[in-house]
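One structure is given here, and the rest of the page talks about it.
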Amino acid sequence: MFQYIIDEIFYEVKKLDLKGKQAEYIPELAKVSPEKFAVSLFDLSGNTYEAGDTNDKFSLQSIAKVFAFTMAYRIKGKEIFRRVGVEPSGNPFNSLMQLEQENGFPRNPLINAGALAVCDVLIDELKHPERQLLEFIRLIAQNQHITFNNSVYLSEKETGYRNRALINLMKSFGTIHNSTEKVLDLYYKLCSVEMNTGELAKTFSLYANEGNIYGTNKQILTKSQTKRTNAIMQTCGFYDEAGEFTFRVGLPGKSGVGGGIAAVHPGKYAVAVWSPLLNRKGNSVKGMKILELLTTKLGWSIF
Ligand code: GLU
C-alpha cells in the first residue's frame, strides 16, 4: 500500500508547477539543482518505500538541530530546559528581535538561537564535541558513513552574519558560556551533516519508535522524552509556519533550508522529503505538499 501511495503522490506533486527558491543566503545551497525531488518512508516493520532522487544527499540544516537537542536532552535530562524554552517563536528562524526582548533566553531548541545554546551545552558536556556529536548521529542513523559536507560548512561559516549576531547577543546576556567561534563552528558542522531521504527517514524513526533505535534495543530517549521532543517538533519545527504545517499535514517534524523535511507518525512511520525550492518562510514547497497528500491519502491522524 505504501509504495503505491508514495508513487502516486510523488508524480502528482511533480506535475504541479510549484514555485520556490533555493536558500540563497548560503551560497553553496544556491548551487543545488532546483529539480531535485525525493521522498522516502520508513515504516516500523523496517521497510523503506521511496521515489525520486533518493540516492542524492543534501545538507540537513535545521533538521539536524533535532539530533543535537536529542543528544543534549539525553545528557542533561530536564535541566536542558534551563537553557532553552519550549514555546513556538512565531518569528523567522534567525530573528534577533525576540531574543533581545527575552533577555537572551531562546524560545525553543529548533530556532537558530536555541540550537546555538544547545551546541554551547554540548561543548560544556563533551570532551570532543564535534567527533562525539557526529558519532551520536551515526549511532541513531545506524550508519557509519554519515558525515559533514565540508563545502556547505565553509560556505555558511563565511556568510553566517546573523548567527554570529545571535551568539554575541546571547553572550551579552550571559546565556552562552563558550567562545563565539567554538559555538559557531559546532553549529555549522551540525547544519552541514548530509543524508539522503532514505537515511533521514530511518534516522527519524527513533521519534516514531518511542526513543528506541529501530531494530536494536538501544533506548536513546525515554518514552516521555520522546513524546516531549515530538511535541516541540509539532509546535516549533517549521519556523513561523508551524501552525500551517500542523494544519495541513498534522505530524511532528522538522524542516531545513536545504529543502528537507522529516516527520513522524508515532508508532507507525517516519518520512523524509527533499526539494530545494523553499517558500518565503523557508520550508520546502513540494515537501509540504507531498506530506499533506500523504497524510490525507493514508487517512491516519495523530489528532
Ligand atoms: N544553517 C542554517 C542557518 O543557520 C540553518 C537554517 C535552517 O535550516 O533553518 O541559517
Side-chain angles (χ1 to χ4, degrees), residues 20-32 57-69 84 88-99 106-120 122 130 133 137 148-170 176 180-195 197 200 204 232-233 235-242 244-245 253-263 272-285 287-288:
K21 262 189 154 183
Q22 293 104 309
E24 284 168 344
Y25 76 102
I26 302 176
E28 207 57 26
L29 295 186
K31 293 185 194 160
V32 181
K57 290 183 186 265
F58 55 96
S59 72
L60 299 186
Q61 297 298 322
S62 277
I63 300 172
K65 290 173 182 167
V66 181
F67 305 145
F69 171 71
V84 283
S89 67
N91 269 307
F93 61 96
N94 54 9
S95 166
L96 285 144
M97 216 173 50
Q98 199 167 49
L99 195 61
R107 280 254 168 152
N108 68 67
L110 302 184
I111 49 171
N112 288 17
L116 289 163
V118 166
C119 286
D120 189 51
L122 291 177
E130 182 189 315
L133 177 58
I137 296 174
F148 310 114
N149 177 321
N150 203 46
S151 351
V152 173
Y153 157 74
L154 291 173
S155 176
E156 204 179 350
K157 199 172 163 141
E158 217 176 285
T159 54
Y161 308 112
R162 270 189 173 259
N163 289 320
R164 191 172 289 275
L166 285 168
I167 302 199
N168 283 332
L169 186 58
M170 285 190 281
I176 290 282
T180 303
E181 291 317 313
K182 253 189 172 167
V183 180
L184 271 182
D185 207 69
L186 186 64
Y187 174 80
Y188 289 142
K189 288 262 162 63
L190 173 72
C191 292
S192 74
V193 168
E194 52 176 22
M195 293 188 188
T197 49
L200 181 57
F204 251 68
I232 295 172
M233 283 198 260
T235 51
C236 312
F238 294 84
Y239 317 116
D240 44 344
E241 210 171 34
E244 179 80 11
F245 188 81
K254 182 72 198 94
S255 62
V257 294
I261 299 180
V273 295
W274 172 51
S275 155
L277 298 176
L278 310 179
N279 65 19
R280 281 198 321 191
K281 302 275 170 93
N283 294 311
S284 168
V285 183
M288 279 185 70

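Heads up: numbering here begins at 1 and tracks the sequence. Ligands are counted one by one from 1 in listed order, and the atoms in each one are counted from 1 as well.
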Compute both the distance and the angle, then confirm whether Lys254 meets the cation-pi test with Tyr239: under 6.0 Å from the six-membered ring centre, within 45 degrees of the axis.
yes
Interfacing atoms of ligand 1 (cut-off 4.0 Å, heavy-atom, Tyr25)
2 (C), 3 (C), 6 (C), 10 (O)
Heavy-atom nearest neighbour in the protein, as seen from atom 4 (O) of ligand 1, with distance rounded to 0.1 Å
Tyr187 OH, 2.6 Å
For Gln61, take its heavy atoms, then give the atoms of ligand 1 lying under 4.0 Å from any of them.
1 (N), 2 (C), 5 (C), 8 (O)
What residue and atom, counting heavy atoms only, is the protein's closest point to atom 6 (C) of ligand 1, and at what distance?
Ser62 OG, 3.3 Å
With atoms numbered from 1 as shown, which atoms in ligand 1 lie under 4.0 angstrom from a non-hydrogen atom of Val257?
6 (C), 7 (C), 8 (O), 9 (O)
Atoms of ligand 1 close to Tyr239 [distance to a heavy atom under 4.0 angstrom, numbered from 1]
7 (C), 8 (O), 9 (O)
Looking only at N/O atoms, are Asn163 and ligand 1 under 3.5 Å apart anywhere?
yes
Got a salt bridge between Arg164 and Glu181, using NZ or NE/NH1/NH2 to carboxylate O under 4.0 Å?
yes
With Ser192, which of Val152, Asn150, Leu60, Ile26 fulfils side-chain contact (heavy atoms from CB on, under 4.5 Å)?
Val152
What are the atoms of ligand 1, with element, lying closer than 4.0 Å to any heavy atom of Gly256?
8 (O)
Knowing that exactly one of Ile137, Val118, Leu122 qualifies, which makes a side-chain contact (heavy atoms from CB on, under 4.5 Å) with Leu190?
Ile137
Does an N or O anywhere in Asn112 fall below 3.5 Å from an N or O of ligand 1?
yes
Looking only at the side chains, is there a donor atom on one of Glu241 and Asn279 sitting less than 3.5 Å from an acceptor on the other?
yes
Starting at CZ of Phe148, measure out to SG of Cys191 and round the result to the nearest 0.5 Å.
11.0 Å
Under 3.5 Å between any N/O of Cys191 and any N/O of ligand 1: does that happen in this structure?
no
For ligand 1, does Glu156 get within less than 4.0 Å through its side chain, its backbone, both, or neither, judged by non-hydrogen atoms?
side chain
Should Ile63 and Met195 count as side-chain neighbours, where that means a heavy-atom distance under 4.5 Å?
no
Any nitrogen or oxygen of Tyr188 lying under 3.5 Å from a nitrogen or oxygen in ligand 1? Just yes or no.
no
Nearest 0.5 Å please: distance from the CG atom of Leu116 over to the CD1 atom of Ile167.
4.5 Å
